[in-house]
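Here is the naming used below: chain letters follow the sequence lines, and residue numbers restart at 1 for every chain. All of these numbers come straight from a predicted model, not from anything done at the bench.
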Protein chains: 2
Amino acid sequence: MKKVTMADVAKKANVSKSTVSQFLNKRYQYMGEETKRNIEEAIKELGYQPNFIARSLKQKRTSTIGIIVANIMHRLSTEVSRAIEDFCRSNEINTIVCNADDDPIKEKKYIEMLRAKQVDGLIIFPTGKNQELYKNMVDQQYPLVFMDRIVSDVKVDTVVVKNEEWASRGIQHLIDNGHERIAMIAPPLTISPRIERAEGYKKTLRKNGIDLNPHYFISTEIGTVKKELARLLAGDKPPTAIFAANDLAFLQVAEYVKEKAIQVPEELSIIVFDNIPFAHISTPTITTIAQPSFEMGKKAAELLLLQIEGEGTKPRIYAFDGDLIIRESSESKKA
Amino acid sequence: MKKVTMADVAKKANVSKSTVSQFLNKRYQYMGEETKRNIEEAIKELGYQPNFIARSLKQKRTSTIGIIVANIMHRLSTEVSRAIEDFCRSNEINTIVCNADDDPIKEKKYIEMLRAKQVDGLIIFPTGKNQELYKNMVDQQYPLVFMDRIVSDVKVDTVVVKNEEWASRGIQHLIDNGHERIAMIAPPLTISPRIERAEGYKKTLRKNGIDLNPHYFISTEIGTVKKELARLLAGDKPPTAIFAANDLAFLQVAEYVKEKAIQVPEELSIIVFDNIPFAHISTPTITTIAQPSFEMGKKAAELLLLQIEGEGTKPRIYAFDGDLIIRESSESKKA
DNA sequence: TTGTATGCGTTATCAG
DNA sequence: CTGATAACGCATACAA
């Protein structure tokens with residue numbers, strides 16, 4: 001169990017530590033063939049494994065980045081993380097994923113923890129509630145990329161989807177299918193994507209000459225969505241279509257619809273803004289506004305690595321197009 | 001941007017590094033009130049953050065463990081990882097999750113990478129194909145726990161579900177509902193859970209006096225499941241029920257059923273061995289054999305931490321009970 | 001082509 | 001109660 005170190009290898013191979021070090025770093029341009037073989041052998045026999053920690057301490061570089069997702073239960077988080085990991089792996093850098101659970105306190109703890117671990121940079125789905133901390137990192141020029149959410153006042157490379165535009169397209173699709181009483185269900189409007197999606201919803205209704213009915217706009221904690229929904233659908237003029245602002249909101253809607261045996265889309269059309277893994281196999285299949293999570297993750301990783309290499313450019317926002325995938329849950333009323 | 005170190009704090013507070021170190025490690029039993037205040041102040045003013053890497057190097061302990069999941073697309077992996085993380089966090093230890101993608105090469109790479117990073121222990125969903133490496137760790141008494149899969153010949157704490165028993169219960173349920181032509185769809189039988197589930201399937205049929213029809217037993221790569229399924233269902237005596245051996249197999253079945261508009265359960269009953277997040281809201285709802293992923297993850301983490309503390313006991317297998325959750329997809333034929 | 005010396009930021013040991 | 005000083009395992013000038 002005794003840890004074998006470079007010194008052990010050096011002794012066994014009858015060379016000095018530095019020679020072994022050079023060998024490990026593939027700087028054997030001027031190294032004797034025999035020395036090389038000796039070292040190789042010693043390493044094999046002793047089962048030597050380099051100590052990354054020690055190397056990091058010396059090099060001031062851990063070849064590791066951190067990802068702090070807002071909520072691991074969001075499909076987007078896992079897809080984006082996966083893309084980031086893939087990209088990083090191909091660049092020989094490791095990733096540590098943490099889940100802030102939409103909690104600013106946890107987010108802060110993780111940021112501090114990861115920085116204490118000397119990760120070379122951070123990709124964050126920001127809660128938006130730790131402005132000071134964010135600014136701090138920016139001031140220190142610490143490599144940082146925001147994902148999914150824009151935090152105004154913090155000048156950082158940010159990767160998002162064009163929320164307003166694609167929400168708008170979804171709503172237009174419903175209107176084109178003859179709907180006028182369209183409800184939107186969203187978690188509290190605390191972060192930019194939700195606000196932008198709500199904007200898209202409202203603007204599109206107005207543009208089509210449809211009055212906004214405040215009762216049709218539900219923004220509440222996930223836990224109370226079903227209750228609100230019940231009230232809404234039991235009301236006077238219940239909506240004929242629902243726009244779920246994200247996957248978690250949709251799940252609540254889906255559960256409710258299931259419990260009450262509501263016919264979709266006959267009695268109620270549904271579209272969702274988010275990637276839903278089973279959208280194409282559920283009954284009915286679900287109309288979604290998908291986000292290019294893979295491209296977004298890759299972009300974020302690229303931006304971060306550039307910053308780490310000191311080649312970062314002026315911070316800007318990278319907005320990606322979504323994709324409206326029309327399926328059964330929003331089939332035309334007229335059909 | 002300049003990193004501020006303990007030395008800076010010490011200078012500013014007019015004490016030595018060691019004193020600062022003691023302060024940070026809360027060993028201020030005998031520390032002067034004033035010294036304490038001075039240090040505190042210096043830390044605040046300089047914005048000092050301890051360097052975990054340096055500490056780890058010295059202490060030979062990183063307070064970090066690694067998790068290597070076989071396939072991140074399996075729901076079980078994410079649930080178990082989540083449970084492990086939660087447990088570890090409450091014990092002040094961090095986790096790094098890696099995805100081996102069912103690839104022994106990647107698994108090997110990750111094991112080596114994580115060990116190079118000096119993680120204090122490893123929880124692995126083993127591919128089973130790196131026996132030498134596993135044995136190596138066991139010999140070195142490196143803290144190690146296997147999850148979900150038993151690797152015979154490697155004596156290691158292992159956390160699993162009682163696969164054979166619960167597969168058996170699922171099959172019995174189908175038989176009780178009047179089915180005799182029951183097919184099983186599984187990925188290749190390369191790892192213990194699949195083998196055990198197949199055992200449960202076969203034994204239960206035999207016990208009920210039902211002949212095994214080899215055509216009903218499909219074990220093939222995920223990519224070819226649908227093709228096999230098509231052949232099976234187009235055959236002479238198509239099965240009336242399907243037992244999907246895991247979530248990925250089920251997804252293929254679900255896609256096929258959707259494409260061909262097969263009525264479930266009227267034309268075909270379906271049960272799945274795995275946790276399916278949307279089982280209760282799909283139409284029809286899906287009968288599943290659920291695994292207690294949270295308990296399993298917690299158990300694995302506990303076992304690993306014990307080993308790390310040097311309090312590990314003789315390695316054994318911890319087998320958990322599953323749960324047969326009967327839903328619409330397997331409703332009685334007789335009803 | 002290889003060896004020596006030094007330092008990375010901590011913690012541990014032991015004097016003072 | 002506090003301060004030197006020596007590790008931890010490796011990388012890097014620089015010397016040889």
Side-chain angles (χ1 to χ4, degrees), chain A residues 1-40 42-43 46-64 112-120, chain B residues 1-40 42-43 46-64 112-120:
Chain A
M1 184 55 197
K2 209 29 203 56
K3 263 281 154 195
V4 20
T5 91
M6 241 178 54
D8 300 319
V9 176
K11 188 156 26 154
K12 177 134 195 155
N14 276 315
V15 295
S16 80
K17 286 195 297 177
S18 17
T19 310
V20 178
S21 175
Q22 314 228 92
F23 175 85
L24 289 174
N25 292 295
K26 318 222 192 266
R27 306 234 61 76
Y28 24 55
Q29 357 222 20
Y30 304 119
M31 199 172 297
E33 270 306 318
E34 198 179 324
T35 321
K36 215 150 71 178
R37 235 191 325 279
N38 280 344
I39 296 178
E40 212 151 10
I43 290 181
L46 296 173
Y48 168 71
Q49 304 247 162
N51 183 327
F52 221 87
I53 294 284
R55 156 189 299 216
S56 302
L57 179 58
K58 180 69 187 170
Q59 296 189 155
K60 292 155 162 278
R61 198 174 198 279
T62 53
S63 296
T64 303
E112 285 168 353
M113 184 273 274
L114 288 170
R115 295 209 55 188
K117 286 207 151 195
Q118 313 299 117
V119 299
D120 299 332
Chain B
M1 183 55 194
K2 207 29 202 53
K3 265 279 155 197
V4 19
T5 90
M6 240 177 54
D8 301 319
V9 177
K11 189 157 26 157
K12 178 137 195 151
N14 277 315
V15 296
S16 77
K17 286 194 298 177
S18 358
T19 311
V20 179
S21 175
Q22 313 225 97
F23 174 85
L24 289 174
N25 292 294
K26 320 224 191 260
R27 305 234 62 75
Y28 25 54
Q29 357 220 21
Y30 303 120
M31 198 172 300
E33 270 306 318
E34 199 179 322
T35 321
K36 214 151 70 176
R37 235 191 327 278
N38 281 343
I39 296 178
E40 210 152 12
I43 290 181
L46 296 174
Y48 167 72
Q49 303 249 159
N51 183 328
F52 222 87
I53 293 285
R55 156 189 296 215
S56 301
L57 178 58
K58 183 66 188 172
Q59 294 190 156
K60 292 157 163 273
R61 197 173 199 279
T62 53
S63 295
T64 302
E112 284 168 353
M113 185 273 273
L114 289 169
R115 295 210 55 190
K117 287 207 150 193
Q118 314 299 117
V119 299
D120 299 332

Visitor: Name all pairs fulfilling the salt bridge (Lys or Arg N to Asp or Glu O under 4.0 Å) condition that reach into residues 50-60 of chain A, sequence neighbours left out, sorted by first residue then second.
Guide: none

Visitor: Between atom CG in A:L57 and atom P in C:dT6, what is the gap in whole Å?
Guide: 18 Å

Visitor: Whole Å only: how far is the CD1 atom of A:I53 from the P atom of C:dT11?
Guide: 14 Å

Visitor: Specify the separation, in whole Å, of atom NZ of B:K3 and atom C1' of C:dC8.
Guide: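 That distance rounds to 13 Å.
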
Visitor: Nearest of D:dG3, C:dG3, C:dG9 to any side-chain atom of B:V15?
Guide: D:dG3

Visitor: Taking only N/O atoms, report every protein-nucleotides 10-14 of chain D pair under 3.5 Å with atom names and distance.
Guide:
from   : atom 1 : to    : atom 2 : distance (Å)
D:dC10 : OP1    : A:Y48 : OH     : 2.4
D:dC10 : OP1    : A:N51 : N      : 3.1
D:dC10 : OP2    : A:M6  : N      : 2.6
D:dC10 : N4     : A:K17 : NZ     : 3.2
D:dA11 : OP1    : A:R55 : NE     : 3.0
D:dA11 : OP1    : A:R55 : NH2    : 3.1
D:dA11 : OP2    : A:S21 : OG     : 3.0

Visitor: When you check the gap from the basic side-chain N to the acidic O, do B:R37 and B:E40 get nearer than 4.0 Å?
Guide: no

Visitor: D:dG9 C1' sits how many Å from A:L46 CG, rounded?
Guide: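 That distance rounds to 15 Å.
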
Visitor: Would you say D:dA4 has OP1 or OP2 under 4.0 Å from some side-chain N or O of B:S16?
Guide: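 The answer is no; no side-chain N or O of B:S16 sits under 4.0 Å from OP1 or OP2.
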
Visitor: Over all strands shown, is A:S56 touching base, sugar-phosphate only, or nothing at heavy-atom distances under 4.0 angstrom?
Guide: nothing

Visitor: Between B:Y48 and B:M6, is there a side-chain heavy-atom distance shorter than 4.5 Å?
Guide: yes

Visitor: So, using side chain to side chain donor-acceptor pair (under 3.5 Å) as the criterion, who are the partners of A:D120 when residues are at least two apart?
Guide: A:T62

Visitor: For residues A:N51 and A:K3, determine if any side-chain heavy atom of one lies less than 4.5 Å from a side-chain heavy atom of the other.
Guide: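 No - every pair of side-chain heavy atoms lies 4.5 Å or more apart.
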
Visitor: Starting at CG of B:N14 and ending at C1' of D:dG3, how long is that distance when rounded to a whole Å?
Guide: 13 Å

Visitor: What is the distance, rounded to the nearest whole Å, between atom CG of A:D8 and atom C1' of D:dC8?
Guide: 13 Å

Visitor: Ignoring hydrogens and angles, tell me if any N or O in the side chain of B:S21 forms a donor-acceptor pair with the backbone of B:K17 under 3.5 Å.
Guide: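 No, because the side chain of B:S21 does not come within donor-acceptor range (under 3.5 Å) of the backbone of B:K17.
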
Visitor: Return the value, rounded to whole Å, for the distance between atom CD1 of B:I43 and atom C1' of C:dG9.
Guide: 14 Å

Visitor: Please report the closest heavy-atom contact between A:S56 and B:I53, naming both atoms and the distance.
Guide: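 Closest approach of A:S56 to B:I53: CB-CG2, 4.3 Å.
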
Visitor: Whole Å only: how far is the NZ atom of A:K60 from the C1' atom of C:dT10?
Guide: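 In whole Å, C:dT10 C1' lies 13 Å from A:K60 NZ.
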
